Amino acid sequence: MDNSILTLTVLRPEMREALIEYAAEFRAAGEDRYAYITAEMDWEKYAVLLHRLDADSRNEGLPVGRVPQSVYFLVRDGGFIIGSSRLRHTLTPLLEQEGGHIGYDVRPSQRGKGYATLLLALTLEEARSLGLKSVLVTCDDDNYASARVIEKNGGKLLNKVVPEDSNQLVRRYWIDL
Ligand SMILES: CC(C)(COP(=O)(O)OP(=O)(O)OC[C@H]1O[C@@H](n2cnc3c(N)ncnc32)[C@H](O)[C@@H]1OP(=O)(O)O)[C@@H](O)C(=O)NCCC(=O)NCCS
């Protein structure tokens with residue numbers, strides 16, 4: 001990590017191009033987690049996304065079965081998106097098995113530099129601000145990097161489970177806040 005200014009922020013209107021560029025890097029690396037964000041996302045579609053993320057975080061108009069969620073971005077020098085996290089305010093039975101309270105990703109070119117560890121630490125502060133006393137964070141058993149990120153943030157391994165409709169072993173960690 002260098003001396004750049006890093007901030008955690010919700011998605012803001014001026015971040016449209018940075019978000020498109022962030023998504024494009026995942027696509028170029030063969031990772032489809034931001035497939036819905038393309039260069040065709042014009043201002044109108046972007047405004048819908050901004051509104052939806054804001055409404056989701058305030059528990060407004062959520063479909064049945066969806067819990068409130070806040071989405072954050074780790075941004076360098078006010079513009080370049082390094083990573084993103086999703087903080088679910090409560091758990092569903094499915095999230096209790098896999099998914100947990102927090103998910104995160106770092107763009108491929110910025111991995112292995114400690115950013116995910118920082119991103120999770122900053123997201124845990126947001127969870128604390130929401131009043132959560134502990135959070136569940138999960139990762140695939142073979143996702144060594146993610147397991148290290150969780151452990152370096154105080155994660156205590158609860159157990160490993162194979163969720164329904166899956167054959168993937170998942171590690172479940174609790175982090176006290
Ligand atoms: C998992 C992920 C978020 C890690 O991001 P990152 O910024 O590279 O993580 P960090 O730099 O903070 O590294 C954390 C630890 O993982 C290790 N690590 C990072 N990449 C690694 C790799 N490819 N193989 C093995 N270890 C790795 C680091 O060495 C570090 O451990 P250490 O402190 O013992 O050295 C990133 O790889 C990613 O976005 N993957 C795709 C999405 C994903 O899997 N998200 C998590 C879902 S649970």
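Note that ligands are numbered from 1 as they come in the structure, with each ligand's atoms numbered from 1 the same way. The structure presented is a predicted model; accordingly, all values stated were derived computationally and were not measured.
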Is there a protein heavy atom at a distance of less than 4.0 Å from atom 24 (N) of ligand 1?
-> no
Of all protein heavy atoms, the one nearest atom 38 (C) of ligand 1 is R111 NE, 3.4 Å
Heavy-atom closest pair (S146 atom, Y104 atom, distance to 0.1 Å) is OG-OH, 2.8 Å
Nitrogen or oxygen atoms of E31 and ligand 1 under 3.5 Å apart = no
Would you sort out whether E25 and S109 count as a side-chain hydrogen bond (donor to acceptor under 3.5 Å, both in side chains), showing the intermediate values?
-> CA-CA 8 Å; E25 184 172 314; S109 66; 2.8 Å; yes
May I ask you to say whether D176 pairs ionically with K156, meaning some side-chain N is under 4.0 Å from a carboxylate O?
-> yes
So is there a nitrogen or oxygen of Q110 less than 3.5 Å from a nitrogen or oxygen in ligand 1?
-> no
For I150, is the nearest heavy atom under 4.0 Å from an atom of ligand 1?
-> no
Is the count of non-hydrogen atoms from other residues, nucleotides or ligands lying under 6.0 Å from E17 atom CD greater than 12?
-> no
Which heavy atom in S57 sits nearest to a heavy atom in H89, and how many Å separate them?
-> O-CE1, 3.3 Å
Does the side chain of R107 pick up a donor-acceptor pair with the side chain of Y34 at under 3.5 Å?
-> no
Protein heavy atoms: any of them under 4.0 Å from atom 40 (N) of ligand 1?
-> yes
Closest to atom 45 (N) of ligand 1 (judged by heavy-atom distance), picking from Y144, Y104, Y115, F26 | Y104
For atom 11 (O) of ligand 1, what's the nearest protein heavy atom and its distance?
-> G114 N, 2.6 Å
What's the shortest heavy-atom distance between T138 and G99, and which atoms?
-> OG1-N, 3.0 Å
Taking only heavy atoms of V149 into account, list the atoms of ligand 1 that are under 4.0 Å away from them.
-> 9 (O), 12 (O), 14 (C)
Give a yes or no on whether a salt bridge exists between R171 and E151, defined as a side-chain N under 4.0 angstrom from a carboxylate O.
-> yes
Check if G112 has a non-hydrogen atom at a distance under 4.0 Å from any atom of ligand 1.
-> yes
For atom CD of E44, decide whether the heavy atoms of other residues, nucleotides or ligands shown that lie under 6.0 angstrom number more than 12.
-> no
Close N or O approach (K113, ligand 1; < 3.5 Å) = yes
Under-4.0 Å heavy-atom contact between protein and atom 20 (N) of ligand 1 | yes
Closest protein heavy atom (residue, atom, distance) for atom 44 (O) of ligand 1 = N143 ND2, 2.8 Å
Hey, is atom 7 (O) of ligand 1 under 4.0 Å from any protein heavy atom?
-> yes
Between R172 and D141, is there a side-chain N and carboxylate O pair less than 4.0 Å apart?
-> no
Within-cut-off N or O pair, A116 and ligand 1, under 3.5 Å = yes
For C139, the ligand 1 atoms whose distance to one of its heavy atoms is below 4.0 Å = 48 (S)
Is it true that D105 and R33 have a side-chain N and a carboxylate O under 4.0 angstrom from each other?
-> yes
When every non-hydrogen atom of L49 is compared with those of L19, the smallest separation belongs to CD2-CD2, 3.7 Å
Identity and separation of the nearest protein heavy atom to atom 12 (O) of ligand 1 = T117 OG1, 2.6 Å
Please indicate whether any nitrogen or oxygen in R33 is less than 3.5 Å from any nitrogen or oxygen in ligand 1.
-> no
So for R148 against ligand 1, with non-hydrogen atoms under 4.0 Å, the contacting part is side chain
Do any N/O atoms on D105 end up under 3.5 angstrom from N/O atoms on ligand 1?
-> no
Residue, atom and distance of the protein heavy atom nearest atom 33 (O) of ligand 1 read K152 NZ, 2.5 Å
Protein heavy-atom partner closest to atom 22 (C) of ligand 1 - residue, atom, separation in Å = A145 CB, 4.3 Å
Contact check, side chains of L87 and Y72, non-hydrogen atoms, under 4.5 Å = yes
Does L122 belong to the same Ile/Leu/Val/Met/Phe/Trp/Tyr cluster as I150, with side-chain heavy atoms less than 4.5 Å apart forming each link?
-> yes
Taking heavy atoms and a distance under 4.0 Å, where does T138 meet ligand 1: side chain, backbone, both or neither?
-> backbone
